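Here's the structure, in structure tokens; my notes come after.
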Amino acid sequence: MTKKIAFVFPGQGSQSVGMGKDLYENFEAAKSVFDTADKVLSKSITTICFEGPEDDLKQTVNTQPSIVTMSIAVLEAFKSQLNIEPYATAGHSLGEYCAMYCSGVMDLETTLKAIQKRADLMGATKGGAMAAILNAPEGSLEKALEEASSVGYVDVANYNSPAQVVITGDEAAVAKAGELLSQAGARRVVPLAVSGAFHSKFMESAGKEFAGFVSELSLNDAKIPVYTNVDAQATTLGSDFTEKMPRQIYSSVHWTQTIENMAGEGVDTIIEIGPGKVLSGLVKKINPGIKTYNIYDKESLENTLSTLKEELALA
């Protein structure tokens, strides 16, 4: 039986100083991506990724292009060692840009310019707060959001897994909702250190400005379906990406629904490509039946290659 493999790409928060360095030093395909990013963005993404300092790396204007560059470098290193075409792709928030690149919607230069523009607009939008909610009892989230909305705007930023959502909005309303969810029995409420309320209506003006930028891009139809954050649907038309990319900035990330929809289409294997292992952990919580792999450095790339080659030979 042939495996149905999806490639997924992580979002903000997965970065760490040093990421991608051993791939850069060992794989020409990875080095080429980093060198292109330095040239296209007129700043040293290689230095920010490999040496930091961390304070520079965690600024949104640097984080987003750094993670995208590193993830695409990993992808290209992987592809240079194993010719494998996924059945589908997806990315968490900014990771969606790597998925679009992987699926042929944008070339490398366009992807880098688009993520830098997105990062500049999001980084310049201040105000608001975000908090992660772990293991909220069923029905308590909707009730808390409704009650907290009396003190301000609050919404769901990310549906990460059945056990984890992230809320976003006015500081007072996010704090109030967190308090209500703690009282209702949520295991933990974790305020997030972010520069603004991502995936909320705080980002609408950034999204609208981004729409003007995106309308000038030449986007291809996807060769491989991309499951998009805004609706968790398999998307292939270039015109649909033009419409969804700006909306994604101020809409909820439907990650749980994305993985469920992929599983419904028969995806049985997911390879997380890029820094960290966050998405693999979420996938296990959403659908424990899906086999997950991570590729984020030379060692994990080699381990995944040997296991996959063995499994594909047996399939």
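Scope of the values below: all heavy atoms of this structure, side chains included, with no hydrogens, waters or symmetry mates. Here the structure is a predicted model, which means the values were calculated and not measured.
Lys176 is linked by a salt bridge (charged side-chain N to carboxylate O under 4.0 Å, His left out) to nothing, counting only residues two or more places apart in sequence or in another chain. The ring pair (Phe, Tyr, Trp, His ring centres under 6.0 Å) check on Phe50 picks up Tyr24, Phe34, with sequence neighbours excluded. Take Lys79 and apply the salt bridge (charged side-chain N to carboxylate O under 4.0 Å, His left out) test, not counting sequence neighbours, and it matches Glu76. Legend: residues meeting side-chain contact (heavy atoms from CB on, under 4.5 Å) with Gln116, ordered by chain and number and at least two apart, are Leu41, Lys43, Val61, Pro65, Ala119, Asp120. Scored by the ring pair (Phe, Tyr, Trp, His ring centres under 6.0 Å) test, Phe210 finds Phe213 as partners (sequence neighbours excluded). Legend: residues meeting salt bridge (charged side-chain N to carboxylate O under 4.0 Å, His left out) with Glu171, ordered by chain and number and at least two apart, are absent. Not counting sequence neighbours, the partners of Phe7 by the ring pair (Phe, Tyr, Trp, His ring centres under 6.0 Å) test are Phe78. For the salt bridge (charged side-chain N to carboxylate O under 4.0 Å, His left out) test, residues two or more places apart in sequence or in another chain that qualify with Asp35 are Lys31. With sequence neighbours left out, the ring pair (Phe, Tyr, Trp, His ring centres under 6.0 Å) criterion links His199 to no other residue.
Thr63 and Gln15 form no side-chain donor-acceptor contact under 3.5 Å, judged by distance and modelled atom types alone. Remark: the Thr110 side chain and the Asp107 side chain contain an N/O donor-acceptor pair separated by less than 3.5 Å. Gln12 and Thr60 are linked by a side-chain donor-acceptor pair at a separation below 3.5 angstrom, with hydrogens and angles left out of the test. Side-chain N/O atoms of Tyr97 and Gln64 include no donor and acceptor closer than 3.5 Å.
For residues 288-303, every residue pair satisfying the salt bridge (Lys or Arg N to Asp or Glu O under 4.0 Å) rule, not counting sequence neighbours, is listed here: Lys291-Glu311, Lys298-Glu302. Among residues at least two apart or in separate chains, there is no salt bridge (Lys or Arg N to Asp or Glu O under 4.0 Å) pair with a member in residues 129-152.
Side-chain atoms of Gln233 come within 3.5 Å of backbone atoms of Asp231 as a donor-acceptor pair (strictly under, hydrogens ignored). Looking at Ser44, its side chain does come within 3.5 Å of a backbone N or O of Thr47 through a donor-acceptor pair. Using a distance-only test at 3.5 Å, with no hydrogens or angles considered, a donor-acceptor pair links the side chain of Ser215 to the main chain of Gly212. Side chain of Thr228 to backbone of Ala234: no donor-acceptor contact under 3.5 angstrom is found. Counting only distance, with no hydrogens or angles, the side chain of Asn287 and the backbone of Gly289 share a donor-acceptor pair below 3.5 Å. At distances below 3.5 Å, at least one donor-acceptor pair connects side-chain atoms of Asp38 with backbone N or O atoms of Ile45. Thr307 contributes no side-chain N or O that, together with a main-chain N or O of Leu305, makes up a donor-acceptor pair within less than 3.5 Å. Under the 3.5 Å distance criterion, the side-chain polar atoms of Ser140 are left unmatched by any main-chain donor or acceptor of Leu181. Put simply, the side chain of Asn135 never gets that close to the backbone of Ala186: no donor and acceptor are under 3.5 Å apart. Here the side chain of Asn62 pairs a donor or acceptor atom with the backbone of Asp56 at under 3.5 angstrom.
The two atoms that bring Gly178 and Ile167 nearest to each other are N-CD1, 4.3 Å, heavy atoms only. Across all non-hydrogen atoms, the minimal contact from Pro86 to Cys102 is CG-SG, 4.5 Å. When all heavy atoms are compared, the tightest approach of Leu121 to Ala206 is CD1-O, 3.6 Å.
Between the OG1 atom of Thr46 and the NZ atom of Lys21 there is a distance of 10.5 Å, given to the nearest 0.5 Å. Distance check, rounded to the nearest 0.5 Å: OG of Ser280 to CD1 of Ile270 gives 8.0 Å. How far CG of Leu180 is from CG of Leu141: 11.0 Å, rounded to the nearest 0.5 Å. Rounding to the nearest 0.5 Å gives a distance of 8.0 Å between CG of Leu94 and CE of Met122. Met130 CE to Ser195 OG: the interatomic distance, rounded to the nearest 0.5 Å, is 10.0 Å. Atom OG of Ser103 and atom OH of Tyr227 lie 11.0 Å apart (nearest 0.5 Å).
The hydrophobic clustering, which links ILVMFWY residues whose side-chain heavy atoms are closer than 4.5 Å, places Leu282 and Ile133 apart. Residues Val230 and Val105 are members of separate hydrophobic clusters, defined by side-chain heavy-atom contacts under 4.5 angstrom among Ile, Leu, Val, Met, Phe, Trp and Tyr. No continuous path of ILVMFWY side-chain contacts below 4.5 Å connects Phe198 to Val278, so the two sit in separate hydrophobic clusters. With hydrophobic clusters built from ILVMFWY side chains whose heavy atoms lie under 4.5 angstrom apart, Val8 does not share a cluster with Met100. The hydrophobic cluster containing Ile72 does not contain Leu279, counting ILVMFWY residues as joined when their side-chain heavy atoms lie under 4.5 angstrom apart, directly or transitively.
A 4.5 Å side-chain heavy-atom check between Thr36 and Ser32 finds at least one atom pair inside the cut-off. Using a 4.5 Å cut-off on side-chain heavy atoms (C-beta onward), Leu75 and Val33 make no contact. Residues Trp255 and Ile286 form a side-chain contact, since some pair of their non-hydrogen atoms from C-beta on lies under 4.5 Å apart. Using a 4.5 Å heavy-atom cutoff, the side chains of Ile271 and Ile5 are in contact. Within the 4.5 Å cutoff, side-chain heavy atoms of Glu204 are placed close to those of Tyr250. Contact check for Pro225 versus Thr89: no side-chain heavy atoms found under the 4.5 Å cut-off.
Looking at His254, Lys244, Gln248, Gln257 one by one, the single match for side chain to side chain donor-acceptor pair (under 3.5 Å) with Asn229 turns out to be Gln248.
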For this session: Determine, stepwise, if the pair Tyr87 / Glu265 fulfils side-chain hydrogen bond (donor to acceptor under 3.5 Å, both in side chains).
Result: CA-CA 10 Å; Tyr87 171 79; Glu265 284 295 311; 3.2 Å; yes
For this session: Take Arg187 and Ser182 through the test side-chain hydrogen bond (donor to acceptor under 3.5 Å, both in side chains) and record every step on the way to the result.
Result: CA-CA 7 Å; Arg187 186 161 66 88; Ser182 288; over 6 Å; no
For this session: Walk me through it: do Phe241 and Val226 pass the test side chain to side chain contact (heavy atoms under 4.5 Å, CB included)?
Result: CA-CA 9 Å; Phe241 293 109; Val226 179; 3.8 Å; yes
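Within 6.0 Å of CD in Glu54 there are 12 or fewer heavy atoms belonging to other residues, nucleotides or ligands.
Annotation: cation-pi geometry not satisfied between Lys126 and Phe202 (NZ/CZ under 6.0 angstrom from ring centroid, within 45° of ring axis).
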Do any side-chain atoms of residues 151-166 form donor-acceptor pairs under 3.5 angstrom with protein atoms, and if so which ones, sequence neighbours left out?
from	atom 1	to	atom 2	distance (Å)
Tyr153	OH	Lys201	N	2.9
Asn160	OD1	His92	NE2	2.7
Asn160	ND2	Gln164	OE1	2.7
Ser161	OG	Ala163	N	3.1
Ser161	OG	Gln164	N	3.2

